[in-house]
Q: 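Mind having a look at this structure? Questions to follow.
Throughout, a chain's letter reflects where its sequence line sits, starting with A, and its residues are numbered from 1.
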Number of protein chains: 2
Amino acid sequence: MISSIAELISDRIDAMPAGERRAAQTLIANYPLTGLKTVAEFSAAAGVSSPTILRFVARLGFQNYPEFQSALQDELAAQLQSPASRTLNPSSAGGAVSPMLEATLDNMRETFRHLTDKQLADIAARLAERRGKTFLIGGRFTDPLARYMAAHLALIQPEVYHLAGQESIWRDRLIDMGKRDVLVIFDIRRYQESLVRFAEKAHQRGVQIILFTDQWLSPIARFARHVIAGRTAVPSAWDSSAALFVVAETLIAAVTRQLEAAGAKRIRDLESLR
Amino acid sequence: MISSIAELISDRIDAMPAGERRAAQTLIANYPLTGLKTVAEFSAAAGVSSPTILRFVARLGFQNYPEFQSALQDELAAQLQSPASRTLNPSSAGGAVSPMLEATLDNMRETFRHLTDKQLADIAARLAERRGKTFLIGGRFTDPLARYMAAHLALIQPEVYHLAGQESIWRDRLIDMGKRDVLVIFDIRRYQESLVRFAEKAHQRGVQIILFTDQWLSPIARFARHVIAGRTAVPSAWDSSAALFVVAETLIAAVTRQLEAAGAKRIRDLESLR
DNA sequence: CAAAATACGTAACATAAGATACAGCGTCCC
DNA sequence: GGGACGCTGTATCTTATGTTACGTATTTTG
C-alpha cells in the first residue's frame, strides 16, 4: 500500500518521461518543500516548464495543482503532529508496553513545543497578579482539570472560585465578574455550547479569558486573551486531557514561584502551616 | 535574538489588537501549517477577515503575504533537514519550563516501568466486570482525578458513583457497599486520615479497593487489592499527579476496549448516540 | 529512413488569490 | 458625554497563478 506521496512518486518515476522525471527528482531532493511553492518556482527549480509540472502532478493522480499541494500539506501536518520521536525515544525500545503511554508522551512534547516560555510566563503573571478574582470552569470531561487547578490556586491566593453545578448557577456569577477578573476555561471537543455562551458573556463584561483547548481550538478562542492548545489524540475511544493537565501543573508551579518571589505574605503563612 | 517566526509572534502578540491576536493564536496552535495555506483559509480558520490576516503579517514585518510564506517555508526546510533541531526547540532549549516537563515525562516513564501489562489488564478487567457497583473518591488535590475517571466510566457502564462532599456523606454510602463492589481511591502525600478510615471500613465490608498513590504508598495500601504507585516528584512546590492521571486514562481506555470487545449493548448504544 | 506518436515549451486565457479603499463600529481619553 | 483614534469587515480592484491550446521538437517504430 502506498501511504505517502513520496512513495507514490518513486513508484512511478520509471514510467515517466524525461521532463517529468526531473520534476520528480527535484521534488524528492528536498521533499516536500518544492511542492509547496508555486508552479512557476517549481518549474524553475526543476529546469522545466510549468505545463510539465502540471502534467507531472496529473500523472500522480491529482486533478489539479492545489489538490496536490493540499495532499502534501496534510502529510506534513501528520508528520509534524506526531513527531518521529518513536525513533529517538528511549522507552519505546522496551516493547509494546503501552501505545497509550507513547502517544501521551508525544502529545506532551508536542504541546510544549508550541508553547513558549514567554506565553507561560505571561499567563502565570496574569494569574499571580492579585487585582481581581479568578474563576475556573470546564466542560463535561475537563471540569476535573478546572477543579484540580482551582484546588491549588485557591490555596496560594484568595478569591479563587471554581464554577460548579448547573449552567444557571454559573451564569448568575457573571454579575461578580469584571475587567479585573480572570476566567480560566477548559474546553475540548466536542465543544460545549453552554461554555461558549458563558465565555461570550464574560468576554462582553471585560473578563480576561484563559482558554485550555485542543489543537482545533474551541470557538471560545475568539474571546480568549490567552489560548493553550494541547494535543489530545491517543489510541483510545476517548481524547486525552493529559497534556493539558501537565500544562496546568506547570502553570500552578509557575504561579507559586512568582508569588514566592514577590514575598507574598500568604505564602509565608502557608509554609508555616505545612 | 529572535530566530523563528513563532518566537517573533509570541514576542509581539501582546501589542496586537484582538483580531490579529486570534490570527496569531491560530497560527501557533498548529504551526506552521496554517501559515502555508491561502489567506482565505487562514482567515477562516482564525475566524477573522482576510485583511486582518494581511495586517497581522504586515505587523510581523513582512512586505506581503508571499514573503511571509517564503519565510515559513525556509524555516520548515531548515527543520526538516536537520532532525536534531526539531528536538531542541525554543521552549525546551532553556528556561524554567522544561525542567518541569522533563521531570513529568520521566515520572511517567518510571511509573509505567513499574507497572506490568498484566497488572493493568487485571485492574481493567476488574473495573469492566459488571458484578457490582464502582465507587471513586480522592483526596484534597486528587479528587479531580477521581471525578475525571468517574465521568468516563459512568458513561460506559452503569452504577458508577463519585463520592463527593463531606466525609459524613460518603461514610453513609458505606451501607451500599459490599463484596461485589469496587472502590477506587486516589491518595498521595500527605495522606488524608479521613480517606484511610474510609478505606478501612470499606475493606472490612469486603469491598475491593484499587488504590492510586505515590511511590511511598499511602497507608491505604494495606487494604488495597490493587496498588498503582505513581511518581510525583517535580521541581515545584507541589507534587505532580500527572503520572497517575495518565494511568487513569490508560485504564479508562482499556476498560472501554474490553467492554467493546465483550459487545456490551451499552457501548453500542453509546456509539449510536455520538 | 520515414512517418507517427509522444513529449515539451511558448503564449494566451481564466480564475482565484492577495491587496486596497472605505465605511462602520467600538474604545479610550479628555 | 463628546470627539478622536484605532480596529475591523465589506466590497472592489489588481495581480499573479494555474490552466489550456497549439505548434515545434524529439523520440520511437515499422
Q: Can you pull the contact range of chain A along DNA chain C, 5' to 3', using atoms under 4.0 angstrom from its heavy atoms?
A: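 Result: dA7(C) to dT10(C).
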Q: Does Asp176(A) have any salt bridge (Lys or Arg N to Asp or Glu O under 4.0 Å) partners at least two apart in sequence or in another chain, and if so, which?
A: Arg173(A)
Q: According to side-chain hydrogen bond (donor to acceptor under 3.5 Å, both in side chains), who are the partners of Thr38(B), at least two apart in sequence or on a separate chain?
A: Glu41(B)
Q: Just jot down the side chain to side chain contact (heavy atoms under 4.5 Å, CB included) partners of Glu249(B), sequence neighbours excluded, or say none.
A: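 With sequence neighbours excluded, Glu249(B) shows a side chain to side chain contact (heavy atoms under 4.5 Å, CB included) to Met100(A), Ser240(A), Ser241(A), Ala242(A), Tyr148(B), Phe245(B), given in chain and number order.
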Q: Would you check if the distance from the ring center of Phe141(A) to the ring center of Trp238(A) is below 6.0 Å?
A: yes
Q: With a 4.0 Å cut-off on N to O distance, would you call Arg113(A) and Glu110(A) a salt bridge?
A: yes
Q: Atom CG in Asp181(A), atom NZ in Lys133(A): separation rounded to 0.5 Å?
A: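 One gets 4.0 Å once the value is rounded to the nearest 0.5 Å.
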Q: Return the residues of residues 32-52 of chain B meeting this criterion: a heavy atom under 4.0 Å from some atom of DNA chain C. Order them by number, or give none.
A: Thr38(B), Val39(B), Ala40(B), Pro51(B)
Q: For Arg225(A) and His203(A), what are the C-alpha separation, side-chain angles and deciding distance, and is it a side chain to side chain donor-acceptor pair (under 3.5 Å)?
A: CA-CA 9 Å; Arg225(A) 178 69 183 74; His203(A) 174 68; over 6 Å; no
Q: Taking side chain to side chain contact (heavy atoms under 4.5 Å, CB included) as the definition, give me every residue that meets it alongside Ala128(A), ordered by chain and number, with sequence neighbours left out.
A: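 Once residues adjacent in sequence are excluded, the partners of Ala128(A) under the side chain to side chain contact (heavy atoms under 4.5 Å, CB included) criterion are Val255(A), Gln258(A), Leu259(A).
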Q: Considering residues at least two apart in sequence or located in another chain, which fulfil the ring-ring contact (aromatic ring centres under 6.0 Å, His included) criterion with Phe68(A)?
A: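 Result, ring-ring contact (aromatic ring centres under 6.0 Å, His included) vs Phe68(A): Phe62(A), Tyr65(A).
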Q: How long is the gap from CZ on Arg109(A) to CG on Leu105(B), to the nearest 0.5 Å?
A: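 These two atoms lie 6.0 Å from each other.
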Q: By side-chain hydrogen bond (donor to acceptor under 3.5 Å, both in side chains), which residues pair with Glu129(A), not counting sequence neighbours?
A: Arg126(A)
Q: Is it true that Asp239(A) and Arg190(A) make a salt bridge, defined as a side-chain N closer than 4.0 Å to a carboxylate O?
A: no
Q: Over its full length, what angle do the end axes of the helix from dC1(C)-dG30(D) to dC30(C)-dG1(D) make, each axis taken from five pairs and the result rounded to 10 degrees?
A: 30°
Q: Are Val182(A) and Val207(A) side-chain neighbours, meaning at least one heavy-atom pair lies under 4.5 Å?
A: no
Q: Considering only heavy atoms of chain B and a distance under 4.0 Å, specify the first and last nucleotide of DNA chain D in 5' to 3' order that meet this criterion.
A: dC7(D) to dT10(D)
Q: Checking side-chain hydrogen bond (donor to acceptor under 3.5 Å, both in side chains) against Glu20(B), which of Gln25(B), Arg12(B), Arg59(B) comes through?
A: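 Result: among Gln25(B), Arg12(B), Arg59(B), Arg59(B) is the only option passing the side-chain hydrogen bond (donor to acceptor under 3.5 Å, both in side chains) with Glu20(B).
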Q: Using a 4.0 Å cut-off on heavy atoms, which residues in residues 54-73 of chain B reach DNA chain D? List them by number, or say none.
A: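 By residue number: Arg55(B).
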Q: side-chain hydrogen bond (donor to acceptor under 3.5 Å, both in side chains) with Gln157(A): which residues, sequence neighbours excluded?
A: Arg130(A)
